[in-house]
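Since the structure comes first, as structure tokens, the remarks are kept for the end.
It should be emphasised that the depicted structure is a prediction, and the values quoted were computed from it without experimental measurement. As the structure lists them, so they are numbered: ligands from 1, and atoms in each ligand from 1.
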Amino acid sequence: MQILEDTFWSHRQLQSEFAAKRGWGRFHQPRNLLLALVGEVGELAELFQWREEVQTGLPGWSVSEREAVAEELSDVLIYLVSLSEKCAVDLPRAVLAKLEKNRAKYPPEQVYGSARKYTEYPQ
Ligand SMILES: Nc1ccn([C@H]2C[C@H](O)[C@@H](COP(=O)(O)OP(=O)(O)OP(=O)(O)O)O2)c(=O)n1
């Protein structure tokens, strides 16, 4: 999927430039990036905590709340992309391979309408 790869590599390039221009390369090590990623997931979770059930599309959320969700999702993605680079993982390729694996693990005719884990289906 060329578009996925192109988007990914452009994003990775922008993030590398951002860090290099600030002399932050030495901080962007796998462990730090993982901790930063988890921190941003926490900030995203904070936006959803103590609410009633949240429906698809976030009906009833204010503009600023929606902007906050977009920002935190972006932070998560930014750190995820950097982390994949520092772990020498080709993320677009890995994602496509994982999607293929998921398709094989969860055949539609077997699992349609059920959210059970693949280990719970009879072989
Ligand atoms: N050493 C750093 C610091 C920041 N960033 C980038 C990646 C994130 O997209 C964003 C994170 O910035 P902050 O640490 O200021 O966190 P927030 O943007 O979440 O701000 P706040 O904590 O005020 O919500 O900046 C980075 O790449 N490397």
Solution key, residues 36-60 side-chain donor-acceptor pairs under 3.5 Å, sequence neighbours excluded:
residue	atom	partner	partner atom	Å
Arg51	NE	Leu47	O	3.0
Arg51	NH2	Glu65	OE2	2.9

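- A 4.5 Å side-chain heavy-atom check between Pro92 and Leu96 finds every atom pair outside the cut-off.
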N/O pairs closer than 3.5 Å, ligand 1 and protein:
residue	atom	partner	partner atom	Å
ligand 1	5 (N)	Tyr79	OH	3.2
ligand 1	9 (O)	Asp75	OD1	2.6
ligand 1	19 (O)	Glu40	OE1	3.3
ligand 1	19 (O)	Glu40	OE2	3.3
ligand 1	19 (O)	Glu43	OE1	3.0
ligand 1	19 (O)	Asp75	OD2	3.3
ligand 1	24 (O)	Glu43	OE1	3.3
ligand 1	27 (O)	Gln15	NE2	3.0
ligand 1	28 (N)	His28	NE2	2.8

Under 3.5 Å, which donor-acceptor pairs link side chains of residues 2-9 to any protein atom two or more places apart or in another chain?
residue	atom	partner	partner atom	Å
Gln2	NE2	Asp6	OD1	2.9
Thr7	OG1	Ile3	O	2.7

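- Side-chain contact check for Leu80 versus Leu33: every heavy-atom pair is 4.5 Å or farther apart.
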Gln15/His28 under side chain to side chain contact (heavy atoms under 4.5 Å, CB included): CA gap, chis, key distance, verdict: CA-CA 11 Å; Gln15 176 62 3; His28 282 200; 3.8 Å; yes
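- For Arg93, the salt bridge (Lys or Arg N to Asp or Glu O under 4.0 Å) partners at least two apart in sequence or on another chain are Asp90.
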